[in-house]
Structure formats: structure tokens, C-alpha cells
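The first residue in the sequence is number 1, and the count goes up from there. Quick caveat: nothing in here was measured; it's all calculated off a predicted structure.
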Amino acid sequence: MSDTSQPPISHDDIAAVKAYLLSLQDRICEELEAFEPEARFREDTWDRPKGGGGRSRAIAGGVVIEKGGVNFSHVMGENLPPSATAGRPELAGGSFEAMGVSLVIHPNNPFAPTSHANVRLFVVKKDGMEPVWWFGGGFDLTPYYGFDEDCIHWHQTAHDALAPFGDDLYPRLKKWCDEYFYLKHRQEPRGIGGLFYDDFNEGSFEHCFGMMRAVGDAYSQAYMPILKRRKDHDFNEQQRDFQLHRRGRYVEFNLVFDRGTHFGLQSGVGRTESILMSLPPEVRWTYCYEVEPNSEEAKLTDYYLTSRDWLTLSESSCEKE
């Protein structure tokens with residue numbers, strides 16, 4: 001998705017992206033705290049002597065949110081690692097500047113899905129080349145017990161956010177998300193998908209930045225109504241046990257496949273506590289764990305975790321409690 005003849009990027013452009021990201025972090029934290037009577041985000045600011053820094057925010061032990069993190073980072077370094085240049089191997093080893101907001105929310109209730117979002121900007125400089133910039137990010141949903149209306153709302157919001165930027169963009173980024181958030185060793189998706197893109201610099205900087213803002217702003221529109229609907233759903237110990245086992249899949253993906261996790265750890269400029277904040281507080285692995293066939297638990301993998309076109313389902317067919 002990259003353009004080899006892209007326009008230059010200015011200091012003002014970078015400053016505008018940073019200002020947006022900081023405001024996005026503030027807004028999302030305020031919206032999530034509104035669900036909690038007492039729990040609040042803990043903020044840690046951190047710096048690297050030669051590599052920038054960030055503003056990490058974590059929340060835990062809430063009535064609704066068991067654990068969550070909404071992190072901003074702006075880091076610089078040398079020798080860009082391969083995890084950041086999978087699509088642009090000629091840039092490996094260059095100096096880089098990267099900034100973004102990354103978040104993961106793990107609710108207490110097994111009927112409330114885990115959500116993830118990320119928006120970021122990379123700028124790379126290498127001898128003999130003009131500076132190269134690109135945007136990346138997206139958002140995806142990981143339910144444990146699925147509801148059609150939630151899946152439709154999630155994907156409709158994603159579609160509507162990208163509609164001003166071209167009719168082909170949503171299906172492209174949905175397909176990319178389905179392919180990226182896939183556990184190859186399990187041969188199953190991590191969740192019901194959403195949007196994912198990287199190495200995006202099609203058109204002007206203003207166009208690409210506008211798309212990044214649309215994705216960042218759409219996350220709250222997509223997730224907060226779902227969280228509100230599901231946070232008070234009755235559940236039992238069996239359903240909690242299933243949630244903990246499915247969280248194991250989430251951990252496996254983040255540690256084995258996730259490029260953002262790998263970049264943070266490989267680059268040497270990230271903060272380990274912030275990078276690993278995405279992991280759930282409680283998780284369970286049981287040897288040869290299986291669920292009952294034709295159960296509500298089995299429906300997750302048999303129906304929801306399939307490459308489905310949720311926009312073709314009518315609202316009248318949505319499952320209600």
C-alpha cells in the first residue's frame with residue numbers, strides 16, 4: 001500500500017499527528033472511566049535517554065474493566081528492526097521516528113468482548129534515500145460469547161469511517177485484518193476482525209492523516225455501545241472459565257505474531273511494562289482443553305470466528321438477549 005514517490009513530511013506535520021494522538025488518548029480514557037464508579041487510569045510518563053518516551057495509562061480492578069491500557073509513545077532510534085519493515089525490507093537498518101496510540105481493554109464480563117486499537121506514524125531516514133513516512137493501525141474485536149448485533153455494529157462503524165476515503169478501502173482493510181489476526185498454529189482467527197493496515201501513504205499526507213483520524217475516532221463509536229450493552233450480563237463460573245481459556249489465544253497471538261509487540265521489544269527504545277500491558281491479568285491453559293459440541297462455547301469458533309461478511313446480515317436477524 002506504499003507509494004515510492006511520496007511527498008515530503010515536515011516538522012509541522014509530525015507535530016500535528018502528535019497533538020492528535022495525545023488528544024485521542026485523553027478522550028478514550030475519559031470515555032472508559034465513565035463506566036467505572038471508582039477505578040481510574042494510572043498515568044506513567046517515561047523517557048529514553050536517546051529514544052524519546054511516552055505516556056502510559058493503565059486501569060485495573062474496575063467494576064467493568066478488569067484490565068486495560070491506553071498508551072501513547074513517541075520514540076526514536078537507529079537500526080530499524082525487521083519487524084517494522086516486513087513490507088519495506090530496503091529500509092531495515094535506517095534511523096526512525098515512530099509515534100502512536102495503542103490500547104487493549106479486557107472487561108470482567110465474559111459477554112463483553114476484548115477490544116484492541118492502534119494508530120501510528122512511522123518516519124524512516126536512510127543514507128542515499130529521501131525520508132519515507134507511512135501510517136498504520138486499525139481496530140479489532142475479540143468476543144468470547146458473540147452477538148450478531150455487536151458484530152454488525154462493529155463492522156458497520158468501520159465501514160462508515162472509511163467510506164469518505166474510497167469504496168474499496170473497507171473491504172481491503174477488513175481482509176487484511178482477517179489475515180493478520182490469525183493464529184496459524186491454531187488455524188483460527190483471534191476474533192471477528194475489523195480494520196488493519198500498515199505502510200499506508202497513498203496520496204497526500206493530509207489524506208493519509210485524515211484516514212488515520214477517522215480510524216482513531218471510530219474506535220469509541222464502535223466499542224463503547226457494545227461495552228455498555230454487555231457489561232452487566234449475568235454469567236456463571238463455567239462462562240468465566242471459558243473466557244480465561246480464550247484469553248490464552250489472545251496471549252499467544254500477541255507474543256508469537258504481533259508486529260507491534262516484536263517492534264517494541266526488538267527496537268530497544270520501547271518500555272517493556274507498556275508493551276506487555278496488553279496481556280490480560282488472568283488467563284488459563286488446560287492440556288487438551290475442549291468445549292462441548294453444539295454448545296454456546298462451540299458457537300464462537302463454529303460461527304463467529306469465521307471470515308464472515310457482517311454487513312450482509314440484516315438487523316432483523318441479530319441475536320438479542
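For K126, the NZ atom counts as densely surrounded, since its 6.0 Å shell holds more than 12 non-hydrogen atoms of other residues, nucleotides or ligands. Annotation for N294: atom CG does not count as buried by contact number, only 12 or fewer foreign heavy atoms lying within 6.0 Å. Residue-environment remark: NE2 (H11) stays at or below the threshold of 12 foreign heavy atoms within 6.0 Å. Counting heavy-atom neighbours within 6.0 Å of D168 CG, excluding the residue itself, gives a total above 12. A 6.0 Å sphere centred on CG of D167 holds no more than 12 heavy atoms belonging to other residues, nucleotides or ligands.
Ring centroid separation for the pair F200 and W134 does not come in under the 6.0 Å cut-off. Checked against the 6.0 Å centroid criterion, the rings of F139 and H116 do not qualify as a close aromatic pair. Two rings, from Y250 and H106, have their centers less than 6.0 Å apart. In summary, the aromatic rings of F205 and F135 are positioned with their centroids under 6.0 Å apart.
Side-chain atoms of H74 and K18, non-hydrogen and from C-beta on, do get closer than 4.5 Å to each other. Contact check for K175 versus D178: no side-chain heavy atoms found under the 4.5 Å cut-off. Here the side chains of I59 and R42 are not in contact, with every heavy-atom distance at 4.5 Å or above.
Nearest approach of K67 to P280, heavy atoms of both residues: CD-C, 4.3 Å.
Tested against W176, the residues Y170, F196, F181 include a single ring pair (Phe, Tyr, Trp, His ring centres under 6.0 Å) partner, F196. With F242 as the partner, the ring pair (Phe, Tyr, Trp, His ring centres under 6.0 Å) test is satisfied by one option alone out of Y145, F235, Y144, F111: Y145. Of the residues listed (I105, L103, V64), the one engaging L32 in a side chain to side chain contact (heavy atoms under 4.5 Å, CB included) is I105, and it is the only one.
W154 and Y223 have perpendicular rings, their planes meeting at more than 60° on a 0 to 90° scale where under 30° would count as parallel. The aromatic rings of H245 and Y289 sit parallel, their planes meeting at an angle under 30°, below the 60° perpendicular limit.
Residues T157 and D160 bring no donor and acceptor atom of their side chains to less than 3.5 Å of each other.
We find that R55 and D26 are joined by a salt bridge, their nearest charged nitrogen and carboxylate oxygen being less than 4.0 Å apart. Here R172 pairs with E202 in a salt bridge; the nearest charged N to carboxylate O distance falls below 4.0 Å. Remark: E252 engages R186 in a salt bridge, criterion side-chain N to carboxylate O under 4.0 Å.
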Q: Could you go through the salt bridge (charged side-chain N to carboxylate O under 4.0 Å, His left out) check for R120 and D198 one step at a time?
A: CA-CA 9 Å; R120 58 188 179 274; D198 204 359; 3.7 Å; yes

Q.
Could you go through R246 and E297, starting from their C-alpha distance and side-chain angles, then the distance that decides it, and tell me whether this counts as salt bridge (charged side-chain N to carboxylate O under 4.0 Å, His left out)?
A. CA-CA 10 Å; R246 292 303 308 180; E297 291 75 22; over 6 Å; no

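Geometric assessment of R190 against the ring of Y182 yields a negative cation-pi assignment under the 6.0 Å and 45° thresholds. Figure legend: cation-pi geometry between R308 and Y303, with NZ or CZ positioned under 6.0 Å from the six-membered ring centre and within 45° of its axis.
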